[in-house]
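What follows is a single structure, written as structure tokens, with notes after it.
Each ligand, and each atom within it, is numbered from 1 in the order the structure gives. Not measured: the values here are computed from a predicted model.
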Amino acid sequence: MTHKALTIAGSDSGGGAGIQADLKTFHQLRVFGMSAITAVTAQNTLGVQGVYPLSVEAVERQIDSVAVDLSPDAVKTGMLFSEEIIELVACKIKQHGWIRVVVDPVMIAKGGAPLLKQEAVKALQRHMLPLAYVLTPNIPEAEVLTNMRIETLEQRKEAAKKLHDMGVRYVVMKGGHGEGDELVDLLYDGEQFYEWKSKRIDTKHTHGTGCTFAAAITAQLAKEKTIYEAVDVAKRFIQAAVEQTLQIGSGHGPTNHWAFHE
Ligand SMILES: Nc1ncnc2c1ncn2[C@@H]1O[C@H](COP(=O)(O)OP(=O)(O)O)[C@@H](O)[C@H]1O
Ligand SMILES: Cc1ncc(COP(=O)(O)OP(=O)(O)O)c(N)n1
């Protein structure tokens, strides 16, 4: 049986994040990848040099083309950029009845370039959170979405509860921006917390870690794995991808999307 996943996100010309990271991750996990591009970015390991959003019509056509013919088993959203695109994507998810939806609330690239307009945060909260089967914020994104400061593990848990109350089924809070040598990725299922701990790898080549991790969860959900199994594979996928980076580009290089084998 062929499992299929759709990513609705921005294009990263440098190939480390966005649509490119998602498709490479789907492929490595033996899931057929499809895409609807929301914005084209001119980007490399040194940063983002340009952001060019597509029209709402162009995004709608791509999503509908995939939906009517290829019916994805899971859907991931990444860079959505504007209020108009968010509203359209939410409307399409409902129209097509997609349930296994992973929302990666992309806001800012590591170099600081905005990938979501500030005024679009409210639209993300209002339209996307209630549709999120899984939400995968990093710590700064969780702070913006919950309007709270997150410094301790207890505060991460409190924020995860808030996000669950905002309509998210499963909250997976990524721990890359936490303090210390140990990384803790957190899952909240509405009742219990689950933690995935790993050693922080000392490298500057972490471009696209968030996209890759969320894409691995999406691929596993497309294969009808449980959320616990999906996060487990995603954690091992990203650990291998950061451990065995490719050392390319002169800035923050991409992770290695072919390092992990199931
Ligand atoms: N230096 C690192 N070593 C190992 N894993 C990392 C490292 N940095 C991030 N990760 C992992 O990559 C994933 C994404 O993390 P994070 O940096 O929080 O997200 P984002 O890239 O969206 O900012 C998480 O699973 C996190 O644990
Ligand atoms: C087109 C595009 N989408 C998303 C991101 C952010 O990706 P992320 O995995 O959070 O990695 P960093 O950019 O933070 O390294 C992006 N850069 N471009």
Side-chain angles (χ1 to χ4, degrees), residues 7-25 35-54 76-81 85 102-116 134-145 150 156 172-187 195-217 230-245 249 251-257 259-260:
T7 168
I8 304 171
S11 163
D12 167 8
S13 54
I19 288 278
Q20 289 79 358
D22 295 347
L23 292 178
K24 290 174 194 180
T25 303
S35 63
I37 297 180
T38 55
V40 171
T41 70
Q43 194 173 169
N44 56 25
T45 66
L46 297 169
V48 178
Q49 291 84 39
V51 174
Y52 308 93
L54 266 68
K76 169 182 183 281
T77 68
M79 172 187 181
L80 295 178
F81 190 67
I85 295 179
V102 177
V103 176
D104 189 20
V106 171
M107 293 183 187
I108 298 174
K110 275 205 180 75
L115 302 175
L116 178 76
V134 184
L135 182 78
T136 58
N138 62 25
I139 294 170
E141 288 159 355
E143 288 188 313
V144 171
L145 291 171
I150 303 176
R156 285 191 219 177
V172 177
M173 203 179 297
K174 301 173 287 192
H177 297 251
E179 298 283 310
D181 286 345
E182 189 179 61
L183 293 171
V184 184
D185 293 335
L186 199 65
L187 163 64
E195 294 179 9
W196 279 263
K197 294 181 181 170
S198 63
K199 189 180 154 303
R200 183 187 297 278
I201 298 159
D202 184 17
T203 174
K204 64 173 185 172
H205 301 300
T206 57
H207 174 52
T209 45
C211 299
T212 303
F213 178 73
I217 294 176
V231 176
D232 206 57
V233 166
K235 184 66 182 167
R236 290 188 282 126
F237 190 109
I238 196 65
Q239 192 71 11
V242 178
E243 238 158 31
Q244 300 170 47
T245 49
H252 295 282
T255 70
N256 179 348
H257 294 98
F260 176 81

Inset, instruction - List the steps and the verdict of side-chain hydrogen bond (donor to acceptor under 3.5 Å, both in side chains) for Lys76 and Thr136. - result: CA-CA 10 Å; Lys76 169 182 183 281; Thr136 58; over 6 Å; no

Legend entry - For atom 6 (C) of ligand 1, closest protein heavy-atom neighbour: Leu183 CD1, 3.2 Å

Inset, instruction - Give a yes or no on whether the backbone of Ile37 and the side-chain of Ser35 come within a donor-acceptor separation of less than 3.5 Å. - result: no

Legend entry - Ligand-residue contact atoms, ligand 2 with Gly10, heavy atoms, under 4.0 Å: 1 (C)

Legend entry - Test of proximity, Asp185 against ligand 1: N or O pairs below 3.5 Å: yes

Inset, instruction - Give the atoms of ligand 1, by number and element, whose distance to some non-hydrogen atom of Lys110 is under 4.0 Å. - result: 21 (O)

Legend entry - Pairwise side-chain contact, Val106 with Leu116, heavy-atom cut-off 4.5 Å (strictly under): no

Legend entry - ligand 2-proximal atoms of Ala39, by part, heavy-atom distance under 4.0 Å: neither

Legend entry - Under 3.5 Å donor-acceptor, Thr41 side chain and Val51 backbone: no

Legend entry - Close N or O approach (Gly210, ligand 1; < 3.5 Å): yes

Inset, instruction - Would you mind listing which atoms of ligand 2 come within a distance below 4.0 Å of any non-hydrogen atom of Val106? - result: 4 (C)

Legend entry - Flag side-chain contact, heavy atom, 4.5 Å: Leu145 against Leu135: yes

Inset, instruction - For Asp12 and Gly18, indicate whether the former's side chain and the latter's backbone hold a donor-acceptor pair under 3.5 Å. - result: no

Inset, instruction - Apply the test side-chain contact (heavy atoms from CB on, under 4.5 Å) to residues Phe260 and Thr25: give CA-CA distance (whole Å), side-chain angles for both, the deciding distance (0.1 Å), then the verdict. - result: CA-CA 10 Å; Phe260 176 81; Thr25 303; over 6 Å; no

Inset, instruction - Return the residue, atom name and 0.1 Å-rounded distance of the protein heavy atom closest to atom 1 (N) of ligand 1. - result: Ile201 O, 3.0 Å

Inset, instruction - For ligand 2, note which part of Asn138 has a heavy atom under 4.0 Å away: side chain, backbone, both or neither. - result: neither

Legend entry - Short N or O distance, Ala17 and ligand 2, threshold 3.5 Å exclusive: no

Legend entry - Side chain proximity check, Ile238 to Phe213, heavy atoms < 4.5 angstrom: yes

Inset, instruction - Would you check whether Thr212 has a nitrogen or oxygen atom less than 3.5 angstrom from a nitrogen or oxygen atom of ligand 2? - result: no

Legend entry - Minimum side-chain heavy-atom gap Pro140-Met107 below 4.5 Å: no

Legend entry - Option of least heavy-atom distance to atom 14 (O) of ligand 2 (set: Lys110, Glu141, Gln20, His177): Lys110

Legend entry - Any Thr203 heavy atom less than 4.0 Å from ligand 1: no

Legend entry - side-chain hydrogen bond (donor to acceptor under 3.5 Å, both in side chains) between Thr45 and His207, intermediate numbers included: CA-CA 7 Å; Thr45 66; His207 174 52; over 6 Å; no

Legend entry - Side-chain (Asp185) to main-chain (Lys174) donor-acceptor, under 3.5 angstrom: no

Inset, instruction - Answer yes or no for Ala9: is there a heavy-atom contact with ligand 2 below 4.0 Å? - result: no

Legend entry - Protein contact of atom 7 (O) of ligand 2 - nearest heavy atom, named by residue and atom, plus distance: Cys211 SG, 3.1 Å

Inset, instruction - Return a yes/no value for His177: is any of its N or O atoms, backbone included, closer than 3.5 angstrom to an N or O of ligand 1? - result: yes

Legend entry - Those atoms of ligand 2 less than 4.0 Å from some heavy atom in Ser11: 1 (C)

Legend entry - Close approach, Glu243 and ligand 1, non-hydrogen under 4.0 angstrom: no

Legend entry - Short N or O distance, Gly210 and ligand 2, threshold 3.5 Å exclusive: yes

Inset, instruction - Give a yes or no on whether the backbone of Ile150 and the side-chain of Glu143 come within a donor-acceptor separation of less than 3.5 Å. - result: yes

Inset, instruction - Look at atom 17 (O) of ligand 1 and say which protein heavy atom is nearest, naming residue and atom and giving the distance to 0.1 Å. - result: Gly176 CA, 3.5 Å

Inset, instruction - Considering heavy atoms of the protein only, find what lies nearest to atom 5 (C) of ligand 2 and give residue, atom and distance to 0.1 Å. - result: Leu115 CD1, 3.5 Å

Legend entry - Which segment of Glu141 sits under 4.0 Å of ligand 1 when only heavy atoms are counted: neither

Inset, instruction - Look at atom 22 (O) of ligand 1 and say which protein heavy atom is nearest, naming residue and atom and giving the distance to 0.1 Å. - result: Lys174 NZ, 3.0 Å

Inset, instruction - Give yes if a backbone or side-chain nitrogen or oxygen of Gly208 is under 3.5 Å from a nitrogen or oxygen of ligand 2, and no if not. - result: yes

Legend entry - Beyond-backbone contact of Met173 with Arg156, side-chain heavy atoms, under 4.5 angstrom: yes

Inset, instruction - Can you pull out the closest protein heavy atom to atom 17 (N) of ligand 2? Residue, atom name and distance to 0.1 Å, please. - result: Gln43 OE1, 2.8 Å

Inset, instruction - Could you say whether the N/O atoms of Thr206 and ligand 1 ever approach to under 3.5 Å? - result: no

Inset, instruction - Using modelled atom types only, decide if a donor and an acceptor are shared between the side chain of Thr255 and the backbone of Thr206 within a distance under 3.5 Å. - result: no

